[in-house]
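Notes for the one structure printed next.
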There are 2 protein chains.
Amino acid sequence: MSFDDQLPPKTRLLRAAAELLANSDGSPVSTRQITKLAGVTAPTLYHHFGDKEGLFDAVVSAGFEEYVAGERDFAPSGEPLEDVRRMWDNHVKFGLTQPHLYLVMFGNIRPESRPSIVADAEALLEEMLNKAAIAGQINVPPREAARSILAANVGVTLMLIAEPLEDRSIELSTMTRDSMIFAVSTDTARGAATGDSGKSSVVVAAIALNAALQASHSDQLSSSELKLFLEWLHRISSSS
Amino acid sequence: MSFDDQLPPKTRLLRAAAELLANSDGSPVSTRQITKLAGVTAPTLYHHFGDKEGLFDAVVSAGFEEYVAGERDFAPSGEPLEDVRRMWDNHVKFGLTQPHLYLVMFGNIRPESRPSIVADAEALLEEMLNKAAIAGQINVPPREAARSILAANVGVTLMLIAEPLEDRSIELSTMTRDSMIFAVSTDTARGAATGDSGKSSVVVAAIALNAALQASHSDQLSSSELKLFLEWLHRISSSS
DNA sequence: TCACTTCATATAGCGTTGCTATAGGTGCTA
DNA sequence: TAGCACCTATAGCAACGCTATATGAAGTGA
């Protein structure tokens, strides 16, 4: 019943919590279950993690590293937008294979614990979108695009998790994914030879330049000059 | 301290629960708080609602009717896609003004309580998108479009709720909204005179016809004929 | 008018939850 | 050997959701 006695109690608590969290279909997991499975008593938990939430946070950071590893572990295809698609799919896959961990990570609403993880996930996406921006493939500043795409990605994943398994169609994901990417793409990135549809090319150019500058940490301008320059670019690329 | 004694205990319980739920910043609300504020004792709660969740469900249905009322209460503008935009904005507004109610309604993950509400919200959206489909303005079957848009809408709203109030920018919402609508729109609906970008016009026509048929309950075909006919149409309009 | 059923509320308490005040054991350094 | 962190256990508190049981009120038929 109990866990490997070789391991230190802290590790056993982490593993027990992760295991129970993974096998409890959404129902809450009690500290008593955890400590019993880990083979320790309550104060040990609170000594190491301070809190039930502290323990869960620790489990989550482990899970998050797994998530990040998944997001990073494919070689860039040279097609940034294609990589964004893969990040999206990977996000959904992570949510569906580890729904409970996902819910603790993204379904959690408390304005303290959530943002750090969301911000990290956003940063990953933004990094990739930055490459797309440099290539002149997107329509919107990378940060805004990342926030927007991530929001949709989380929404879709939550909806799929909440859906009974039998009629859980992955189409919802691919369609929403492509809609979001399509909407932030420039026409050239879409492969169509049609004219501009909305954004003028100067805006796209400003976005691309902005991204390129931030990526290369150019030394051609002083830092204060650069700051102002970037602000102007941002203003241009945010204008409708 | 207590509630209006004129009202029956059931109503007082509902109001007390709603009030506490609205003013508890995400922290859980106990049955004891509720019964104390309502001026009744525990068994009364369980007599009327069976369950804590039963009481919350009752509160939610009241809140949901408010939500639906908001979604219906503007006159159709004649521009279905514009109405979809308004439904989106109304959804976000509802979530931000009643975050706790919203979280119980849409942030809840249990695969039993959630779908009914989500399905209702989906139906509202689908109804509107059906009009757009009849007008040949959308690219995708209305049901799929509704699911997709709603998922993004929920994701954005949750993300805005989770965000600290000071840097809660509504841009995220409008941008994601327009991205989703843009992606499901046909070119004519976009106002651009460019050529087809992806979908062939026969697909759009099939989608429009399908929507029109389902809306009018045409009697020109027998029900079994109609069923098969609709299936073919669906197959056409789902083809990439 | 009186017994009888039905609905609604209260008293009191069960089992479980997250958490902790306190104390004891263990291994290290002096 | 003494002292000092560090870690763990015993025991128990307050709050939680919920319920077995009892009491009151209101309507119904004889």
Side-chain angles (χ1 to χ4, degrees), chain A residues 1-60 100-101 103-104 107-110 112-113, chain B residues 1-60 100-101 103-104 107-110 112-113:
Chain A
M1 197 49 148
S2 191
F3 249 72
D4 188 355
D5 286 347
Q6 307 263 15
L7 275 48
K10 190 171 178 178
T11 310
R12 279 183 295 172
L13 277 169
L14 273 174
R15 298 208 179 166
E19 178 176 327
L20 287 175
L21 216 50
N23 299 355
S24 80
D25 297 316
S27 52
V29 178
S30 73
T31 59
R32 282 174 169 80
Q33 287 178 286
I34 298 173
T35 53
K36 184 182 174 188
L37 178 60
V40 297
T41 51
T44 308
L45 191 162
Y46 294 93
H47 173 72
H48 285 293
F49 299 99
D51 220 340
K52 183 188 185 181
E53 204 181 312
L55 171 58
F56 281 15
D57 282 351
V59 174
V60 162
H100 316 93
L101 200 54
L103 287 180
V104 178
N108 206 8
I109 311 297
R110 275 173 285 284
E112 314 92 40
S113 66
Chain B
M1 195 50 146
S2 191
F3 249 75
D4 188 355
D5 287 347
Q6 307 262 17
L7 276 48
K10 191 170 178 179
T11 310
R12 279 183 294 170
L13 277 169
L14 274 174
R15 298 208 179 165
E19 178 175 327
L20 287 175
L21 217 49
N23 299 356
S24 79
D25 298 317
S27 53
V29 178
S30 71
T31 59
R32 283 173 167 83
Q33 287 178 286
I34 298 174
T35 54
K36 185 181 173 188
L37 179 61
V40 297
T41 50
T44 308
L45 191 161
Y46 294 94
H47 173 71
H48 286 292
F49 300 99
D51 220 340
K52 183 188 186 181
E53 204 180 314
L55 171 58
F56 280 15
D57 281 352
V59 173
V60 162
H100 316 94
L101 199 54
L103 288 181
V104 178
N108 206 7
I109 312 296
R110 275 173 285 284
E112 314 92 40
S113 65

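Quick note on labels: first sequence line is chain A, next is B, and so on, each numbered from 1. From a predicted model like this one, the values you see are computed outputs, not experimental measurements.
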Check the interface with nucleotides 14-17 of chain C: list each N/O to N/O pair with the protein under 3.5 Å, or write none.
unit_1: C:dT17; atom_1: OP1; unit_2: A:S30; atom_2: OG; d: 3.3

Hey, are the side chains of A:V40 and A:T35 touching, using non-hydrogen atoms and a 4.5 Å cut-off?
yes

Taking heavy atoms of chain A and a 4.0 Å limit, find me the 5'-most and 3'-most nucleotide of DNA chain D within that range.
D:dC7 to D:dG12

To the nearest 0.5 angstrom, please state how far the CG atom of B:L103 sits from the CG atom of B:L21.
9.5 Å

What heavy-atom pair brings B:K52 and B:V29 nearest, and what distance separates the two atoms?
NZ-O, 2.8 Å

Give, for atom OG1 of A:T41 and atom NE2 of A:H47, the distance between the pair rounded to the nearest 0.5 Å.
11.5 Å

To check you understand the geometry: which heavy-atom pair defines the closest contact between A:D51 and A:L45, and what is its length?
O-CD2, 3.8 Å

Go through the structure and list residues passing side chain to side chain contact (heavy atoms under 4.5 Å, CB included) with B:F49, not counting sequence neighbours.
B:K10, B:L13, B:L14, B:L55, B:A58

Nucleic acid contacts of residues 41-50 of chain B, taken as heavy-atom distances under 4.0 Å to DNA chain D
B:A42, B:P43, B:Y46

